[in-house]
Structure formats: structure tokens, C-alpha cells
Trainee: 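Got a structure for you, written out below as C-alpha cells; questions coming shortly.
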2 protein chains.
Amino acid sequence: MTQAVRHDAMRARNLALVLGEVSARGSVTRAALAEITGLAKTTVSKLIADLIEAGLVVETGVVRAGERGRPGMEVRISGLSVAAIGLEINVDYLAAHVVDLSRSVRLRRAHPVDNRLAPPGDVIANLQHLALSVVDEAVDIGLRVVGGVLAVPGTVDLATGTVRRAPNMGWRDVPLLSLLRMPFPMRVDNEANLAALGELWFGAGHTDFLHVSGEIGVGAGLVVRGELFRGFRGFAGELGHVVVSPGGPPCHCGGRGCLERYAGQDALLSAAGLAPTAPPSGETAPRLPASSGPDKTTPRLPASSGSGGETPPRLPASSVPPIPAQGPRPGAGIAELLRRLEAGDSDALAACERAGWALGIALTSAVNLVDPERIVLGGIYAPLFPWIGGVVTETLAARLGEMREVVPSVEVSRLGTEAAPLGAAGQVIQQIIADPAGLLNA
Amino acid sequence: MTQAVRHDAMRARNLALVLGEVSARGSVTRAALAEITGLAKTTVSKLIADLIEAGLVVETGVVRAGERGRPGMEVRISGLSVAAIGLEINVDYLAAHVVDLSRSVRLRRAHPVDNRLAPPGDVIANLQHLALSVVDEAVDIGLRVVGGVLAVPGTVDLATGTVRRAPNMGWRDVPLLSLLRMPFPMRVDNEANLAALGELWFGAGHTDFLHVSGEIGVGAGLVVRGELFRGFRGFAGELGHVVVSPGGPPCHCGGRGCLERYAGQDALLSAAGLAPTAPPSGETAPRLPASSGPDKTTPRLPASSGSGGETPPRLPASSVPPIPAQGPRPGAGIAELLRRLEAGDSDALAACERAGWALGIALTSAVNLVDPERIVLGGIYAPLFPWIGGVVTETLAARLGEMREVVPSVEVSRLGTEAAPLGAAGQVIQQIIADPAGLLNA
């Protein structure tokens with residue numbers, strides 16, 4: 001190792017050390033950082049100057065620590081420059097959220113579209129278009145997106161970014177990462193895992209929980225002492241395929257009576273007498289011109305998109321309706337279900353009762369196996385919580401109460417379907433804080 | 001901190017460092033230990049002398065490392081002096097195994113007895129008698145038992161050694177550790193957790209697996225990268241209460257259709273037309289005189305023990321039949337089931353088919369949730385493996401194959417019902433290697 005290489009490695013380590021302390025402490029002076037890290041004050045000042053220049057840190061104001069301390073300028077993580085994008089492909093929507101380095105959510109964009117009807121190349125082209133338009137929007141508010149993670153509802157080979165199985169999409173071995181062309185590094189991860197990380201970083205502040213991600217598929221992410229439990233091959237948390245009733249209806253996964261068949265969005269809408277899976281009314285499935293898609297042999301969208309064999313127009317960024325900042329925007333099917341529930345529709349109420357019961361059965365098995373501190377219901381279960389939370393809690397209590405003094409509490413996620421894209425962006429932020437040197441040298 | 005205290009703390013750390021390296025490397029010279037640890041050779045020699053004097057380490061012989069190296073005396077962990085005892089209370093037997101510090105199993109004692117008929121005080125008195133007789137036997141072969149762990153089939157508060165719930169024993173909040181009087185430190189832990197650790201330390205050498213402990217209850221222990229996953233409250237791995245069929249038969253746990261009701265030992269024997277749960281024929285439930293039991297208010301054994309209100313004779317140590325060194329000794333019910341299976345009895349075969357199917361359903365849920373590398377079937381499933389292993393594998397493959405390229409392999413434990421007492425003793429050995437100073441100062 002040459003002296004220059006050693007110097008670079010030491011600088012990278014010290015940058016990470018200093019930025020990590022700034023992130024953990026909120027606001028801190030250079031003098032305090034020198035004391036905490038044991039680095040020389042001049043070294044800290046140089047590192048902070050570099051971090052400020054790269055837009056990772058900002059000065060916030062002068063503080064005087066104690067009566068005898070000299071006044072010092074505090075620094076904190078900057079929310080003004082560097083940002084990350086969290087993308088999501090789900091069965092009935094695409095999403096792209098931008099989070100700045102101080103972990104403030106700056107842009108939220110979701111677009112309902114039935115991705116089951118489209119081949120992977122088209123879905124990716126649409127996502128790429130949405131993502132690039134959101135990156136442009138970020139530039140308009142002074143943010144530079146430096147990396148992203150894409151959430152998908154299936155099992156993912158993290159090393160290659162290939163989706164192994166996404167049964168609700170009908171995907172198998174889709175090399176998603178290599179099909180996606182973004183002007184910054186990207187990774188691909190499982191939607192339910194990222195939603196659990198979203199809950200960890202942007203949710204209620206708990207560090208031990210099982211987060212349930214209710215979508216057309218149902219997934220879960222187990223967080224233990226602030227870390228995601230992934231399992232040996234990275235495929236843990238497939239709550240949707242926990243067996244509720246072994247002779248129940250067949251599932252896309254090859255099994256029978258899986259939770260998804262009772263409590264997934266389609267099952268829930270069907271049971272309530274609503275049409276599942278159709279694209280929300282009035283929305284079409286927009287698509288980039290095939291020439292700009294990564295896979296030119298991809299067949300067109302079916303006629304239901306309204307574009308026939310014609311090249312549909314590019315999706316203008318303004319046609320992507322912003323979702324309310326306070327929470328997720330449910331799809332049209334769930335919105336109608338919510339209206340019926342509020343009106344006291346008996347089919348809708350019975351459908352939620354059944355879904356909540358099935359969720360309670362699957363969670364009984366999950367609690368017996370992994371013993372989480374608490375359960376957080378997210379995705380579509382967040383808006384539906386008033387109608388399913390009680391049944392889930394009762395089912396758990398009835399089946400677990402004899403074995404356990406404390407049955408894990410069942411709580412509602414404040415993030416709903418936003419958890420996955422937020423967790424995706426949050427992963428990039430974590431990575432930058434853990435290793436800022438790459439960004440400074442770029 | 002005084003200088004003496006600092007010196008003691010440093011010596012304790014160095015003893016652990018040196019003993020840990022000896023344990024990891026098998027055999028090693030003092031010179032090599034000095035090089036590995038960075039300690040001075042004279043310091044290493046002094047530490048090794050102390051460890052030899054305490055019986056933790058022995059010299060094994062002179063080696064010459066390389067052509068130019070000076071000859072050195074190698075040392076290794078001693079199997080000649082210090083030992084640990086692993087105890088188990090299960091529903092239909094008690095066990096006490098002694099393992100020496102080099103992790104050789106030196107004594108194996110199991111005693112069939114129906115503990116469901118006896119109050120906790122009597123069970124503990126019987127266990128204590130068995131344990132003390134085994135400790136005496138250990139003395140006869142030159143071993144000094146310095147600590148023990150007790151395995152129980154229920155949820156345990158590790159901090160207090162209280163059994164919270166043991167539904168198959170009918171126990172609730174039994175302060176087991178405080179009732180047990182042994183002449184060395186003891187801890188209490190869950191049987192399925194200890195069985196998984198037994199498989200880790202004494203089994204096939206894998207570091208990532210879900211170990212299934214088939215007894216009257218069914219438990220599991222998940223080992224991830226060589227560490228046991230315990231869950232937030234320490235109650236993970238309750239595979240026996242994973243829901244196989246939500247409307248199935250009621251279970252002691254308060255739930256319905258739990259795995260135990262299909263694949264636990266009693267369910268299996270019943271389905272095969274054999275009487276479950278009775279004490280093995282010819283055996284009585286022996287008991288210590290009440291005066292030597294820790295709880296003098298404990299009522300006597302019921303009349304079925306054959307002793308009425310009389311004080312039964314002390315159990316002579318020689319009446320505890322040694323179990324074969326090569327594997328577990330199945331209870332009489334399982335032994336009869338095995339005879340019938342070998343004879344091709346259709347009820348016995350159908351019972352195993354049903355149990356294997358139920359195990360496959362519960363393991364489908366477990367694999368979906370925790371994604372283990374492999375599944376190891378232990379306890380009574382070890383001798384029954386030829387009749388249930390295939391069905392389990394087929395059920396998993398049929399239900400998981402679409403979602404996963406690789407379905408976890410289903411393997412047989414070589415330890416069977418011995419895994420829990422071995423894991424219990426192994427925990428003490430781990431503790432001694434990690435912190436030998438306490439033993440040297442004692």
C-alpha cells in the first residue's frame with residue numbers, strides 16, 4: 001500500500017467517523033467533534049470543510065457550551081443539496097420519492113397503473129420516465145439525486161439486482177438492475193424489506209417490530225434491534241405465503257391457502273364485491289415510446305391502454321398527481337372500499353373481518369416463530385386499520401394469550417404504502433453517511 | 001479503580017484471550033500463542049501455567065514448527081478435569097448428560113417418567129436426585145462438574161430462571177431455578193433453543209439451520225451464522241404452535257390446529273392407534289423423599305406411581321439405564337411405533353404421513369418467514385425420519401418451489417433427543433472458555 005493510498009483510506013475513515021457523529025448528534029461543534037473522535041481540531045476542521053463543500057454538512061449557528069466554553073459554530077447534516085431517490089414498482093402503481101440527506105421527504109410521486117398487463121420492459125420504461133421527471137423536479141428545488149434503490153414485490157438477488165420471483169407480476173428472473181438506466185448508482189431490493197426499513201427510519205421510532213406490507217401481495221419485514229432480518233438467502237418475511245388454511249385456494253406461489261389469498265388487496269376487494277386488479281378508473285397505463293425503453297423487443301401494452309398499436313405520448317410530469325403529504329394515496333379500489341366501509345356496507349365489513357382474521361392467523365404463526373416486540377400494519381392495512389386492526393388483535397390474543405404474558409401490540413403505520421419508497425431512499429442516505437468519501441471524490 | 005483491580009481485569013481478559021485461541025486452534029505452542037495474541041512470551045507462559053493448574057489446559061507433546069523453529073510444547077483444552085452438566089426436564093423423561101471441557105460427551109443418563117402426573121416440586125426433586133447421582137459418577141471418572149444448564153419444554157424468563165408457560169407440563173410461572181439446589185451455578189433455558197445449540201456444537205457442523213425438536217411438544221431453534229435467534233422476549237421458535245389448520249383441534253396453548261396437535265408425540269401415537277402419554281411400561285415415576293425436596297408443601301405423586309401415600313425409595317443410580325452412546329433412546333411409545341413402522345403397519349404409516357404433512361405445512365410458513373439455509377429434524381423425528389422425512393420434503397417442495405429456486409434441504413439430526421442436554425452442557429463450556437477467570441479464582 002503506497003503512502004497516498006494509506007492517506008486516502010485514513011481520510012475516508014475519518015470522513016465517515018465525523019459525518020456519523022454529526023448525523024447521530026443532530027448539531028455539534030468542531031471542538032466537540034474533536035473531543036468525541038479523538039482527532040486533532042485542525043483535522044476535524046479540514047474534514048468538515050470538505051463535507052461542507054460537498055454539500056453534506058451545513059453550519060447552523062454559534063453556540064456557547066457552558067459558561068467557560070468558547071463559542072463554536074455548530075454543523076449538521078445538510079438538507080439543501082444531496083438527495084436520494086426511492087423507487088417502487090408494485091402490481092398496481094409506480095412510485096418515486098425523493099429524500100434529502102437530512103432525511104426530510106422532499107418529493108412524493110405515485111402513479112396508479114396495472115403492471116400485470118405489461119411486460120417488464122414496459123414497466124421499467126415507465127418507471128424510468130417517472131423517475132427522471134422526479135429527478136428533474138428535484139433539481140428545480142436545488143437537490144442533486146446521487147443514488148437510488150428500487151423496491152419490487154418479489155424475491156431479489158441483491159448482488160445482481162435480478163428479480164427472482166414476483167408471482168403477482170408474473171415475473172421470473174428479470175434482470176431489473178441491468179435494464180434500468182439511471183444517471184446514478186441504483187440497487188434493487190424487496191418491497192416488504194424496504195417498507196420495514198422505511199418504518200424504522202421514517203416511522204414511529206421503534207427499533208424492534210414486524211412490519212406488514214399489505215399490497216396486492218402481502219410481505220413483512222422483521223426489524224431486530226434496528227437491523228433488518230433477511231434470512232439465509234435474503235428471502236425472509238414472505239408473510240403473504242404463510243399458510244392460513246392448507247386446503248385453501250391455490251396461490252400464484254404454487255401453494256394453497258396462503259395469507260395473500262385471504263388478505264391481499266385483490267382478495268379483499270373481491271370479497272367486498274369490488275372488481276380487483278383493474279387499473280383505477282380514468283387512468284390509462286402510460287408508456288414511454290418503445291425506442292427509449294431498454295428492451296426494444298418488448299411487445300406493446302395491450303389494447304386496454306387505449307393506445308392500440310400507436311406510440312403513446314410521453315407521460316408529462318405534471319400528469320403524475322402528487323399524493324397528499326400526510327399519507328398514502330390509496331388506489332381507486334381501496335378508496336371505494338373505504339367509502340363503503342364508512343357507509344357501513346355489510347359485504348365490505350365482512351371482507352375486512354375475514355382479511356383481519358386471516359392476518360391474525362398468519363401473525364399467530366409469525367409471533368410464535370420470531371417473537372417480535374410489536375406488529376406494525378402498513379400498506380393498504382394502514383387506511384383499513386379501523387376495520388381490521390381489532391380483528392387482528394383479537395385473533396392474536398385468543399391464540400397466543402395462554403403461551404405469552406404479553407401479546408405483541410398491533411399498531412398502524414403512519415406511512416402506509418409510502419414506506420417502501422421511503423425505505424429505499426433511506427438506504428441510500430444510510431450508505432452516504434456510512435461512506436461519504438466516494439461522493440466527495442466523485 | 002485500584003491498581004490491583006486493573007491488574008485482575010487485565011489478567012481475566014488475557015486468560016480469556018489465550019484460552020479462546022487454544023480452543024479455536026485445537027493444539028498450539030506457547031510461542032505461537034505469544035505471536036497470535038501479541039502478549040509477551042513470559043506472560044503467555046504464566047497464563048498457561050495457571051490454566052494448566054486449574055485443569056483447563058493440558059500439554060500434549062513437543063512439536064517443531066518448520067525447520068528453523070525451536071521445538072515447543074503444544075497445549076490443548078483439557079478433557080481430564082473440568083466438566084459441565086446438561087439437564088433436561090421433558091414431559092415424559094428426565095435427562096442428565098456430562099460433557100468435559102474438550103466437548104467430549106462423557107456421561108449420558110435418561111430416565112423415562114411421566115412428569116405430567118407430578119407437581120413441579122416432585123419433578124425437580126427427581127431431577128436433582130438424577131443430577132447428583134450423575135455428578136457423583138463424574139467424580140468417579142475424574143471430572144469436576146462446575147456448572148449446568150437445565151432445558152425445559154416451555155417459555156423461560158432467562159434472567160430469573162422462571163418457567164413462564166409449559167403447557168404440556170401444565171406449568172405456569174414456576175420459579176425453577178430457585179427450586180433447584182445444585183452445588184454449582186445453574187441456568188434454565190428453553191428445550192428447543194438448547195437443542196438447536198446442541199446441533200450447532202455437537203451435530204453435523206452447520207452454522208445456519210432451523211432445528212426442529214420433536215417431543216410431546218414441538219419446538220424449533222433458528223441458528224443464524226452460528227448464533228441462536230431468540231426473538232424480542234426470548235420466545236422465538238415456538239414451531240409447535242404455528243397454525244396448520246385454523247379450525248383444527250384445540251391446543252393446550254389456547255389456540256387451535258397447532259402443529260403439535262398433528263405432529264407432536266402424543267398426536268402421532270394416537271393416530272397410530274398407540275396409547276399416548278402413559279409412562280413406559282414397567283417404569284414407575286420414582287420420587288425423592290419429600291423431606292429432601294426443595295418444596296415441602298408439594299403434594300405426593302398420585303396413586304398411579306404405586307407408592308400411595310408412602311415415601312417411595314430413593315432412586316438408586318444403577319436403576320437409571322444408560323442410553324446407547326450412538327443415539328437417543330426413544331421412549332417406549334416411540335419404540336413400539338418404530339416396530340410397527342418396520343413391520344409395515346398401515347395405521348403407523350398413515351400417522352407418520354399425516355404428521356410429516358403437517359410438519360411440512362408448518363415448515364412452509366417457517367421457511368417463508370425466516371428463510372433458513374437448511375432444516376434439521378431432531379428429537380423423535382430423528383428415529384422416525386425414514387417415515388416422515390420424505391413427506392416433509394415433498395410438502396415443502398410443492399408449496400415453496402415456485403417462489404424459491406432452492407428449497408431448504410430437510411436433514412436428520414444425529415443427536416435426536418440428546419440435542420437439548422448436550423446444548424445445555426455446551427452452553428456452560430462456552431461460558432468457561434469465554435471467561436475462565438471466575439473458575440481460576442474460585
Side-chain angles (χ1 to χ4, degrees), chain A residues 154-155 164-165 167 172-173 208-210 220 222 224-225 229-247 251-259 357-358 360-362 364-374 395 397-406 408, chain B residues 154-155 164-165 167 172-173 208-210 220 222 224-225 229-247 251-259 357-358 360-362 364-374 395 397-406 408:
Chain A
T155 52
R164 285 292 167 215
R165 304 283 187 275
R172 201 177 170 118
D173 296 323
D208 283 273
F209 56 86
L210 184 75
L222 178 67
V224 180
R225 282 181 233 108
F229 178 87
R230 289 185 178 270
F232 186 77
R233 294 179 181 85
F235 303 157
E238 290 289 343
L239 186 71
H241 303 291
V242 163
V243 182
V244 168
S245 184
C251 179
H252 289 303
C253 78
R256 298 187 78 92
C258 299
L259 174 63
W357 170 82
I361 299 294
T364 296
S365 293
V367 171
N368 274 311
L369 284 168
V370 300
D371 184 31
E373 185 188 18
R374 62 188 73 226
T395 307
R399 288 174 181 261
L400 290 169
E402 287 290 309
M403 278 290 281
R404 284 156 203 266
E405 283 168 288
V406 183
Chain B
T155 53
R164 287 290 167 218
R165 305 283 186 276
R172 202 177 170 117
D173 296 323
D208 284 273
F209 56 85
L210 184 75
L222 178 66
V224 180
R225 282 182 233 110
F229 178 88
R230 287 185 179 269
F232 186 76
R233 294 180 181 84
F235 303 158
E238 289 289 343
L239 185 72
H241 303 291
V242 163
V243 183
V244 168
S245 183
C251 180
H252 290 302
C253 78
R256 298 186 76 91
C258 299
L259 173 63
W357 169 84
I361 297 295
T364 296
S365 293
V367 171
N368 274 312
L369 284 168
V370 301
D371 184 31
E373 185 187 18
R374 64 189 70 225
T395 306
R399 287 173 181 262
L400 291 169
E402 287 290 309
M403 278 289 281
R404 284 154 203 266
E405 283 166 288
V406 183

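Residue numbers begin at 1 in each chain, while the letters A, B, ... track the order of the sequences.
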Trainee: For A:A236 and B:D371, which heavy atoms make the closest approach, and how far apart are they?
Mentor: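 Scanning both residues, the minimum pair turns out to be N-CB, 3.5 Å.
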Trainee: Please step through side-chain contact (heavy atoms from CB on, under 4.5 Å) for the pair B:V370 and A:F229, ending with a clear verdict.
Mentor: CA-CA 8 Å; B:V370 301; A:F229 178 87; 4.1 Å; yes
Trainee: Of the backbone (N, CA, C, O) and the side chain (C-beta and beyond), which part of A:V243 lies under 4.5 Å from a heavy atom of chain B, both, or neither?
Mentor: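 Both backbone and side chain.
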Trainee: So which residue, B:H252, B:H241, B:R374, ends up with the most heavy-atom pairs under 4.5 Å with chain A?
Mentor: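 Highest number of heavy-atom pairs under 4.5 Å: B:H241.
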Trainee: If you count heavy-atom pairs under 4.5 Å with chain B, which of A:T155, A:V406, A:T364 comes out on top?
Mentor: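 Option with the greatest count: A:V406.
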Trainee: Just by distance, do the side chain of B:R404 and the backbone of A:F235 share a donor-acceptor pair under 3.5 Å?
Mentor: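 Yes, B:R404 side chain to A:F235 backbone: donor-acceptor pair under 3.5 Å.
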Trainee: Can you name the one residue among B:L259, B:N368, B:V242 that meets side-chain contact (heavy atoms from CB on, under 4.5 Å) with A:S365?
Mentor: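 Filter result, single survivor: B:V242.
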Trainee: Between B:L210, B:V244, B:L222, which residue shows the highest count of heavy-atom pairs closer than 4.5 Å to chain A?
Mentor: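 The residue among B:L210, B:V244, B:L222 with the greatest pair count is B:V244.
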Trainee: Heavy-atom pairs under 4.5 Å with chain B are the metric here; pick the option from A:G254, A:C253, A:G255, A:P246 that has the most.
Mentor: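 Highest number of heavy-atom pairs under 4.5 Å: A:P246.
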Trainee: Looking at A:I361, A:D173, A:L400, which one has more heavy-atom pairs under 4.5 Å with chain B than the rest?
Mentor: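 Max contact count across the listed options: A:I361.
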Trainee: Name the region of A:A366, side chain, backbone, both or neither, that has any atom closer than 4.5 Å to a heavy atom of chain B.
Mentor: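 Both backbone and side chain.
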Trainee: Between atom CZ of B:R233 and atom CG of A:D208, what is the distance when rounded to the nearest 0.5 Å?
Mentor: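 B:R233 CZ to A:D208 CG: 9.5 Å, rounded to 0.5 Å.
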Trainee: Answer with side chain, backbone, both or neither: which region of B:R172 has an atom nearer than 4.5 Å to a non-hydrogen atom of chain A?
Mentor: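 The side chain, not the backbone.
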